[in-house]
Amino acid sequence: MKLGFIGLGIMGRPMALNLRRAGHALWVHGRRPVTMEVLVEAGARACASAADVAANADIIFIMVSDTPDVEQVVSGEGGLMPRLRPGQVVVDMSTISPAVTRRLAQELLTRGVEMLDAPVSGGEAGAINATLSIMVGGKDKVFERVKPLFEVLGKNIVHVGDNGAGQVAKACNQIVVAVTIEAVAEALTFARRSGVDAARVRDALMGGFAGSRVMEVHGKRMLDNDFKPGFKVRLHQKDLRIVMENAHQLGLALPGAALVAQHLNALMGDDDGDLDSAAVVKVVQRMSGLDGK
Ligand code: NAP
């Protein structure tokens, strides 16, 4: 199959490599040419713009940072739009706004091009090892066409619903992860202020209802004071911004998510955007006069 891949960062590069290694012809575009080198070594063709990818590939994957970036790749200067042809599919795997996703899907349809939103969870390790969870929005027949390619990239692949439904599922994922990080941060801080060994508290909690992947992974990072990412504060802040903007449009109160969004804002203001989002514990500690270390 003739595939395209745009956005070759932490996630995009290993995902594109997995598609190439599965034997597909691949055209790639990275904003910084250096990001294309490893793909070219693997046999992909480097393109100077997203438009050049559109001129060659039948199914085009996007994995860039934020909502305006996907809009830029689709319809900005050098973007896909003018070179698209009926029958192509655009698969956006970035985490962006569900509302903008629905609008982009409509715009693409005016050129006879279908779109899937397919955000992921599982991080860099999931991208490298092809074990991502993939949450897909779009039409059944388009999902079926792209599914074998999703199977090259991930393990838990769920067709959630129509366009935008994948992004809604990802927003739900980020609400649960964020509020759980906050809960783990508060619990371990409570243990510490009470003069009890927080590591043993975590051990005790892991076996019961309070146990979770977040308690395991983020709880460990908090105890070790090791905030090497992982998933960066700036990306989690972006994801909760998407959640809160869409909640605002829906007239929906999400007080837990709103609280964690404020704590992520505080970390950004303290120049901690590149730390793992387990660093929320630093904000919780500082509020009560602990050292925030
Ligand atoms: P990243 O390492 O920052 O990579 C983003 C890539 O997109 C960069 O190569 C960047 O180019 C490119 N890009 C951004 N804006 C662009 C634009 N307007 N035009 C062309 N290229 C553009 O981020 P990432 O970690 O791969 O994340 C990508 C997406 O996956 C995000 O939506 C993120 O929320 C989501 N995600 C990430 C993780 C994770 O653990 N990292 C997990 C799940 C989901 P430059 O190299 O020039 O900056």
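All values derive from a computational prediction rather than experimental measurement. Sequential numbering from 1 along the given sequence is applied to the chain's residues.
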Would you call [X] and [Y] a salt bridge, taking side-chain N to carboxylate O under 4.0 Å as the test?
| X | Y | result |
| --- | --- | --- |
| Arg286 | Asp270 | yes |
| Glu216 | Arg213 | yes |
| Asp66 | Arg241 | yes |
| Asp274 | Arg234 | yes |
| Glu107 | Arg103 | yes |

> Going through the checks in order, is the side-chain contact (heavy atoms from CB on, under 4.5 Å) test met by Gln167 and Ile242?
Replying inline: CA-CA 10 Å; Gln167 294 294 356; Ile242 291 167; over 6 Å; no
Return the minimal non-hydrogen interatomic distance between [X] and [Y], and the atom names on each side.
| X | Y | answer |
| --- | --- | --- |
| Pro119 | Gly166 | CG-O, 3.3 Å |
| Ala54 | Gln88 | O-NE2, 2.9 Å |
| Leu80 | Ile62 | CD1-CD1, 4.1 Å |
| Ser49 | Gly78 | CB-O, 3.7 Å |
| Ile181 | Ala278 | CG2-CA, 4.2 Å |
| Leu254 | Ala247 | CD1-CB, 3.8 Å |

Cluster question for you: counting only ILVMFWY and a side-chain heavy-atom cut-off of under 4.5 Å, with indirect links fine, are [X] and [Y] together?
| X | Y | result |
| --- | --- | --- |
| Leu250 | Leu240 | yes |
| Val284 | Val184 | yes |
| Leu252 | Val179 | yes |
| Leu84 | Val73 | yes |
| Ile60 | Leu153 | no |

> Of Lys220, Lys228, Arg221, which meets side-chain hydrogen bond (donor to acceptor under 3.5 Å, both in side chains) against Asp224?
Replying inline: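 It is Lys220; the other options fail the test.
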> So Phe150 and Val152, side-chain contact (heavy atoms from CB on, under 4.5 Å) or not? Walk me through it.
Replying inline: CA-CA 5 Å; Phe150 288 143; Val152 172; over 6 Å; no
Nearest-0.5 Å distance that lies between atom [atom1] in [X] and atom [atom2] in [Y]:
| X | Y | atom1 | atom2 | result |
| --- | --- | --- | --- | --- |
| Asn129 | Asn18 | CG | CG | 8.5 Å |
| Asn156 | Leu132 | CG | CG | 10.5 Å |
| Lys232 | Asp276 | NZ | CG | 10.5 Å |
| Arg202 | Asp197 | CZ | CG | 11.5 Å |
| Leu8 | Arg31 | CG | CZ | 11.5 Å |
| Ser65 | Ile96 | OG | CD1 | 11.5 Å |

Can you check whether [X] reaches [Y] side chain to side chain, under 4.5 Å on heavy atoms?
| X | Y | answer |
| --- | --- | --- |
| His24 | Ile59 | no |
| Met11 | Met93 | no |
| Leu108 | Met115 | yes |
| Met222 | Thr189 | no |
| Leu109 | Glu114 | yes |
| His263 | Met287 | yes |
| Glu37 | Val34 | yes |
| Leu17 | Leu39 | yes |

> For Glu144, does the CD atom have more than 12 heavy-atom neighbours from other residues, nucleotides or ligands under 6.0 Å away?
Replying inline: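 Enclosed: over 12 neighbouring heavy atoms sit under 6.0 Å from CD of Glu144.
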> Going through the checks in order, is the side-chain contact (heavy atoms from CB on, under 4.5 Å) test met by Val281 and His218?
Replying inline: CA-CA 10 Å; Val281 74; His218 297 78; over 6 Å; no
Examine distances only and state if a side-chain atom of [X] and a backbone atom of [Y] form a donor-acceptor pair shorter than 3.5 Å.
| X | Y | value |
| --- | --- | --- |
| Arg20 | Leu26 | no |
| Asp52 | Cys47 | no |
| Ser94 | Val64 | yes |
| Ser288 | Leu290 | no |
| Ser194 | Val196 | no |

> Between His159 and Phe143, how do the two ring planes meet: parallel, tilted or perpendicular, split at 30° and 60°?
Replying inline: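 Geometry flag for Phe143 against His159: parallel rings.
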>> Tell me whether the rings of Phe231 and His236 are parallel (<30°), tilted (30 to 60°) or perpendicular (>60°).
In response: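 Plane angle over 60°, so perpendicular.
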> Lys238 pairs by side-chain contact (heavy atoms from CB on, under 4.5 Å) with which of Val233, Leu264, Thr95, Val243?
Replying inline: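 Exactly one option meets the side-chain contact (heavy atoms from CB on, under 4.5 Å) with Lys238, and it is Thr95.
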>> Pair Val201, Phe190 - check side-chain contact (heavy atoms from CB on, under 4.5 Å), show working.
In response: CA-CA 10 Å; Val201 168; Phe190 180 77; over 6 Å; no
